[in-house]
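Report on one structure; see the data block that follows.
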Amino acid sequence: MTRHIELVVRPIIDSNPITLQILGICSALAVTTSLSTALTMCAALTVVLMFANGIISLIRNHIPPAIRLIIQITIVASLVIVIDQILRAYAFELSQRLSIFVGLIVTNCIVLGRIEAFAMRNAVWPSVLDGLGNGIGYSVILATVASIRELLGTGTLLGYTILTTVRDGGWFEPLGFMLLAPSAFFIIGLLIWLVRSLKPSQIEQSEFRDLAQGKEMRS
Amino acid sequence: MADLNPITWWRHMLSLPNTSPAKTLIVALLVALTCGTAVSVTAIMLRPLQQKHHERERQARMQELLKSLPGMKGLIDDAGEVTLQCVLVELATGAIIEVADPLSFDQRAEAADPRANFDIPASADIAGIGKRSRRAPAYLMRWNGKLKRIILPVRGSGYQSMLYGYLALEGDLVTVAGLTFYAQAETPGLGTRIQEPAWQNLWPGSMIADDQGNLRIEVVRGKGTRPYQVDGISGATRTGTGVTNLLRFWLGDYGFGPFLKQLETGKIDP
C-alpha cells in the first residue's frame, strides 16, 4: 500500500518529470500562456499517461521487441486522437484554444518515457498509478508556470482580473515578454534551481568529474 | 494436427516466443486493428456533435458581429425599419445571382468542389487559399431602405492555420464596421488573440483604402498611425500579415472587389 502511495507522490517533487527528468518541455512552453489552457492540457496528459501505461503494461509480456516502439506509439497516438475528438465534441471552446497541442501529446517525451521506464516492467495497477503521479508532477509545474505567466503577462488568473492593467485604468503594466515562449524557459529554469536548492540530492554530478579530479591532483 | 478451436489457437499464439516472426505479425495486426477501430468509432460517433459546435460558432460570430457594430443598438430599437438581406454574388463580375435560398449556400463546399471552384492565379493568391468558390454570400443591412452596412465572409492563411471570419463595412464601403474570426488554429495566447474582443474592437472606424481609392488596409507591427492601419499583436506578426493579406485579397479584384465597385457606382441596387 505504501508503495502504491509512493508511486503517486514521488514524481510530484522528488522525481518530477519536468524539473528532474527535463521531459515534456515543449508543451510546457506552448500551453502556459494562460492557466485554463494549461489545466486542460494537464488533465488530457494525465489521462493519456494513465491509459497508455495501463494498456502497455497489460500487454507488456506479448510485445515483440522488434516492433516495441511502433506498438507503443500506435497505442499512444490512438488514445490522443480519441481524447482530442472528445474534447472537440464536449469542450469545443477549449479545444479551439488548445488547437494543435493536444495532438502533440503523442510526441511528449513523458508518455513514451514512462512507458519505457515503468509500464514495460510493472503490473497494470502500479503502472496506472505511476502514470497518475507523473501526470500530477507535470501538472504542478505547468500550473505554476502558467499562473506566473498569465498573472504577469495579462494581470488576470483564469480570466479573472487580479492586477488592473494601465489600459483599464489601474497601475499594472503587463509584461508582454511573459506571453512569449522564452519566458517559460526562464521560469522553468528558475523552478529547477529552486527545487534543487531545496533538495540538493537532485543535483546531477558533473560529467567531467574525473577530469576535474585529475586536475586537482596535478595542481 | 489442425486444431480450429479459437481458444486453443489464441493460447498457442500467446505461448509463442516474442521474437517469433509469426507472433510479431499477429500482434502488429491486432494492435493496428484495435487502435484503428477505436479511432474510427469515436471520430464517426462524435462528428455530428462537432459539426453542431462549428455551425453554432459560425452563427454566434455572425450575431456577435452584428451586435458589436456601432449604432446597432439604436437600429434594433426600431426594428421595423431594418432589413438584413442575404445575396449570392458572382465574384468574377460582381453581379448578384438570383437563387431561391441564398442562406443555404455552402461556400466551403463549393470552394472544395473541383467542378465548381476557381483556381486563383498564384500571383494574385496573397491570402494563400489556392482555390475559391465562384460565388459567395454577402449580407446587406438596410435602414429605411438605404444601404447601411455590408457583411462579407473572408478567409485566408494565418501563421499556421486557415482563418475564417466576417468583415463588415459601413454603407460608404470604405469604413470598416467590424471584423471577427470564428475559426482558426493559431498559436495559443499569441495568434489566437485575433478572436478576442480587445483586438477586434480596434477595427471599427478604420479605412480599407486611402483617398485615391488604393487598398491600404493593414495590420502593422506596434501601433498604427494612419486610418487604414490597425495595431498588430506582439508575438503574432505573421498572423497579422495573414489578416492583412486575406482582407486585401477579399476586397481586391479576385474577391469582392467587382461587387463593391458595382455597389459604389450604383450599377446594382439589390
Side-chain angles (χ1 to χ4, degrees), chain A residues 29-34 36-38 41 55 59-68 70-101 103 146 149-150 153-154 167-168 174 176-182 184, chain B residues 10 13-57 60 160-161 181-193 195-196 198 222 233-236:
Chain A
L29 306 184
V31 298
T32 49
T33 45
S34 77
S36 61
T37 49
M41 182 70 179
I55 294 172
I59 60 169
R60 69 185 185 283
N61 294 327
H62 298 289
I63 296 180
I67 53 169
R68 188 186 82 238
I70 299 176
I71 287 198
Q72 291 167 354
I73 292 190
T74 311
I75 289 174
V76 177
S78 313
L79 273 173
V80 166
I81 298 174
V82 168
I83 288 187
D84 193 31
Q85 295 288 335
I86 291 176
L87 276 180
R88 273 168 208 247
Y90 294 103
F92 180 73
E93 297 251 299
L94 271 173
S95 75
Q96 283 272 303
R97 269 187 293 162
L98 286 169
S99 61
I100 54 171
F101 293 112
R149 287 182 73 185
E150 190 181 342
T154 59
R167 185 181 259 184
D168 299 333
F177 171 66
M178 280 294 158
L179 296 177
L180 302 178
Chain B
W10 178 251
M13 195 276 289
L14 287 187
S15 67
L16 284 174
N18 277 346
T19 44
S20 90
K23 188 169 179 181
T24 308
L25 269 179
I26 292 170
V27 171
L29 199 72
L30 283 179
V31 169
L33 262 179
T34 323
C35 291
T37 317
V39 167
S40 336
V41 167
T42 27
I44 288 169
M45 273 186 12
L46 297 176
R47 182 163 306 152
L49 210 59
Q50 296 169 354
Q51 271 169 351
K52 220 184 284 167
H53 281 299
H54 269 288
E55 188 51 30
R56 200 185 305 146
E57 178 79 0
Q160 59 188 21
S161 67
F181 290 97
Y182 62 86
Q184 46 83 20
E186 297 292 282
T187 320
L190 299 171
T192 49
R193 288 173 63 202
Q195 270 191 320
E196 289 177 4
I233 297 164
S234 52

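Predicted, not measured: the structure shown is a model, and the values here were computed from it. Within every chain, numbering begins at 1; the chains are lettered A, B, ... in the order of the sequence lines, protein sequences first and strands thereafter.
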Task: Region of A:Ile81 in contact with chain B, defined by heavy-atom distances below 4.5 Å - done: side chain
Gap between atom [atom2] of [Y] and atom [atom1] of [X] - 0.5 Å precision:
| X | Y | atom1 | atom2 | answer |
| --- | --- | --- | --- | --- |
| A:Ile55 | B:Cys35 | CD1 | SG | 7.5 Å |
| A:Leu179 | B:Thr187 | CG | OG1 | 12.0 Å |
| B:Arg47 | A:Arg88 | CZ | CZ | 11.5 Å |

Task: Engaged part of B:Leu14 at the chain A interface, taking heavy atoms whose separation is under 4.5 Å - done: both
Task: B:Gln50 side-chain N/O to A:Gln85 backbone N/O, donor-acceptor pair under 3.5 Å - done: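 Checking the backbone N and O of A:Gln85 against the side chain of B:Gln50, a donor-acceptor pair under 3.5 Å is found.
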Task: Among the listed options B:Thr19, B:Leu49, B:Val41, B:Leu16, the residue most often paired with chain A at heavy-atom distances under 4.5 Å - done: B:Leu49
Task: Within 6.0 angstrom of A:Phe177 CZ, more than 12 heavy atoms from elsewhere - done: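 More than 12 within 6.0 Å, yes.
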Task: Nearest heavy atoms of A:Asn61 and B:Asn18, plus distance in Å - done: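 Closest pair (atom of A:Asn61, atom of B:Asn18, distance): O-ND2, 2.8 Å.
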Task: Close side-chain approach of B:Leu190 to A:Leu180, heavy-atom, < 4.5 Å - done: yes
- [ ] Would you indicate whether the side-chain heavy atoms of B:Val27 and A:Ile63 approach each other to under 4.5 Å?
- [x] no
Task: Verdict with supporting geometry, A:His62 and B:Lys23, side-chain contact (heavy atoms from CB on, under 4.5 Å) - done: CA-CA 9 Å; A:His62 298 289; B:Lys23 188 169 179 181; 2.8 Å; yes
Task: Greatest number of heavy atom pairs closer than 4.5 Å to chain B - which of A:Ser34, A:Ala89, A:Ser78 - done: A:Ala89
Open item on the list: In terms of relative ring orientation, are A:Phe92 and B:His53 parallel, tilted or perpendicular, with 30° and 60° separating the classes?
Closed with: parallel
